[in-house]
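Please read the structure below before turning to the comments.
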Protein chains: 2
Amino acid sequence: MNPISVLLVDDHLVVRSGLKALLGTQPDITVVAEAASGEEALAVAQQHPADVVMMDLAMGQGMDGIEAIKRLRQASKQQAVLVFTTYDSDADIVRAVDAGAMGYVLKDAAPEEIFAAVRGAAQGKSVMSAPVASKLFQQLRNPDEVLTPREAELLSLLIQGLSNRELGKRLFISEATVKTHLAHIYAKLGVETRAAAIAVAIRREGMR
Amino acid sequence: MNPISVLLVDDHLVVRSGLKALLGTQPDITVVAEAASGEEALAVAQQHPADVVMMDLAMGQGMDGIEAIKRLRQASKQQAVLVFTTYDSDADIVRAVDAGAMGYVLKDAAPEEIFAAVRGAAQGKSVMSAPVASKLFQQLRNPDEVLTPREAELLSLLIQGLSNRELGKRLFISEATVKTHLAHIYAKLGVETRAAAIAVAIRREGMR
DNA sequence: CCCGGTATCAGCCAAAAGGCGGAGAGACCG
DNA sequence: CGGTCTCTCCGCCTTTTGGCTGATACCGGG
């Protein structure tokens with residue numbers, strides 16, 4: 001069988017060369033190309049179609065990882081996209097998965113786990129680091145804690161530091177409605193105050 | 001002259017091997033040891049004293065980078081500590097510098113910049129990535145916007161989502177005093193509400 | 001066709017937060 | 001020594017937030 005070809009996408013040169021060195025130790029895996037940004041990834045993917053694209057979600061500037069995944073999937077060379085990132089934020093996981101990612105591996109994973117993920121992705125299997133899987137699982141098990149679209153929208157403004165009045169104006173709803181949504185959000189996040197909600201949201205959703 | 005010996009401290013294996021590969025291209029630089037945590041770094045530094053310690057600030061669990069720097073400096077084998085991290089958060093820079101770091105380099109820096117930083121640190125020179133230096137510079141220019149130690153302490157609890165009452169209990173001060181500190185913090189951060197303060201603080205200070 | 005989920009709004013009341021002005025004690029510095 | 005900074009605390013008043021209860025309307029599935 002031909003070795004699995006991999007395209008690395010990460011804005012840090014150190015991470016790319018580290019990953020290349022690591023994957024290089026496996027005879028059945030070959031890094032065929034690299035890209036430092038979402039835009040570059042799309043271009044490079046044209047020239048060097050790979051079996052697996054390993055992508056960091058947090059790219060310094062320009063297109064973010066999620067957007068890049070969507071575009072890659074649209075261009076659909078049926079290559080599998082494997083998210084390789086530092087954080088296991090709830091929101092990122094969900095967004096990545098529904099952007100079409102085949103797997104989600106954290107940067108602090110053991111080498112064997114990384115290899116397994118690449119091989120799995122190449123075979124069309126879905127692979128997740130344990131902490132990632134458990135987060136996803138928890139969301140499925142506990143739909144009561146999943147925000148509705150409207151609530152999520154409000155939350156994303158809330159964590160900018162807006163007041164109830166400002167939130168109302170932005171969303172074209174009354175302050176009363178804002179309060180209702182907030183009460184629901186607090187309940188779902190397990191907090192009592194907006195301050196705590198912001199703290200939790202930013203940390204847990206990676207909303208920055 | 002003997003090559004410069006380097007000790008790498010980072011909880012991500014990928015980053016360590018990438019950095020090792022990168023530094024390996026320079027004849028005058030040799031990586032002599034690695035560590036995956038602050039605790040390990042201290043132990044390893046005993047066995048393999050290096051000229052320069054390259055340290056990530058954000059270590060998964062256990063001792064954080066700042067703490068590790070302090071301890072290393074106390075043990076003082078006069079080795080230079082170079083911070084090598086992803087974020088250029090205001091607070092981290094200040095804390096690292098006064099914990100005794102010789103330099104501060106961002107992970108997305110160009111290879112030449114990284115090499116220069118290592119060489120500079122080995123010679124006892126202070127080295128900073130441009131964005132880092134400019135942040136520090138701005139703080140010196142604008143002392144009105146720098147939080148006092150007490151304010152910073154309060155802020156670090158604030159962004160956990162605590163109420164004024166809770167803040168008071170934690171810091172053994174009255175609620176009145178808490179409000180006074182908060183008012184000063186708001187002024188310095190340029191916000192009017194605690195929600196906005198939390199939002200700004202978490203984003204700008206990287207306080208997570 | 002009724003029910004559950006979502007989104008919208010209201011009013012009332014208590015608690016929390018914020019603005020304002022003032023003030024004393026200790027530390028540090030020129 | 002005098003000025004500045006920092007940390008501490010008070011009271012008073014206004015605004016904001018949060019808790020509670022209840023209500024209307026739309027939509028989609030069983």
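Letters go in sequence order (proteins before strands), and every chain restarts at 1.
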What donor-acceptor contacts under 3.5 angstrom involve side-chain atoms of residues 165-174 of chain B, with partners at least two apart or in another chain?
unit_1, atom_1, unit_2, atom_2, d
B:Glu166, OE1, B:Ser163, N, 2.7
B:Glu166, OE1, B:Ser163, OG, 3.3
B:Ser174, OG, B:Ala176, N, 3.2
B:Ser174, OG, B:Thr177, N, 3.2
B:Ser174, OG, B:Thr177, OG1, 3.2

### A:Lys179 and A:Glu175 ion-paired at < 4.0 Å
no
### Message
Checking A:Glu153 now: which residues fulfil side-chain hydrogen bond (donor to acceptor under 3.5 Å, both in side chains) with it, not counting sequence neighbours?
### Response
A:Arg150
### Query
Axis-to-axis angle across the helix from C:dC1-D:dG30 to C:dG30-D:dC1, five pairs an end, to 10 degrees?
40°
### Message
If I take atom CG in residue A:Leu182 and atom P in nucleotide C:dA16, what distance separates them, rounded to the nearest angstrom?
### Response
18 Å
### Query
Which pairs count as salt bridge (Lys or Arg N to Asp or Glu O under 4.0 Å) when at least one residue sits in residues 114-130 of chain B, sequence neighbours excluded?
B:Asp28-B:Arg119
#### Entry: Counterpart residues, side-chain hydrogen bond (donor to acceptor under 3.5 Å, both in side chains), relative to B:Lys20 (two or more places apart)
B:Glu34
#### Entry: B:Asp11: side-chain hydrogen bond (donor to acceptor under 3.5 Å, both in side chains) partners, not counting sequence neighbours
none
### Query
With sequence neighbours left out, what residues match B:Thr193 under side-chain hydrogen bond (donor to acceptor under 3.5 Å, both in side chains)?
none
### Query
To the nearest angstrom, how far is A:Tyr186 atom OH from C:dA16 atom P?
14 Å
### Minimal non-hydrogen separation, A:Asp51 against A:Ile4, with atom names
OD2-CA, 3.5 Å
### Where chain A begins and ends its contact with DNA chain D, read 5' to 3' at 4.0 Å from heavy atoms
D:dT16 to D:dG19
### Message
Checking A:Ala109 now: which residues fulfil side-chain contact (heavy atoms from CB on, under 4.5 Å) with it, not counting sequence neighbours?
### Response
A:Val105, A:Glu113, A:Ile114, A:Ser129
### Message
Less than 4.0 angstrom between a side-chain N/O of B:Asn164 and OP1 or OP2 of C:dA17, yes or no?
### Response
yes
#### Entry: Under the salt bridge (Lys or Arg N to Asp or Glu O under 4.0 Å) test, residues paired with A:Glu192 that sit two or more places apart
none
### Task
Could you tell me which non-hydrogen atom of A:Ala33 sits nearest to which non-hydrogen atom of A:Val44, and how far apart they are?
CB-CG1, 3.6 Å
### Query
Can you check whether A:Asp56 reaches A:Arg16 side chain to side chain, under 4.5 Å on heavy atoms?
no
### Summary
In short, A:Ala41 meets A:Leu7 closest at the heavy-atom pair O-CD2, 4.2 Å
Report, one pair per line, the protein and nucleotides 6-14 of chain C atoms (nitrogen or oxygen only) whose separation is under 3.5 Å.
unit_1, atom_1, unit_2, atom_2, d
C:dA7, OP1, A:Arg150, N, 3.2
C:dA7, OP2, A:Thr148, OG1, 2.5
C:dT8, OP1, A:Arg150, NE, 3.2
C:dT8, OP1, A:Arg150, NH2, 2.8
C:dT8, OP2, A:Arg150, NE, 3.1
C:dT8, OP2, A:His181, NE2, 2.7
C:dC9, OP2, A:Ser174, N, 2.6
C:dC9, OP2, A:Thr177, OG1, 2.9
C:dC9, O5', A:Thr177, OG1, 3.4
C:dC9, N4, A:Thr180, OG1, 3.1

### Summary
Once base and sugar-phosphate atoms are separated, protein heavy atoms under 4.0 Å mark nucleotides 24-30 of chain C, 5' to 3', with B, S and - as -------
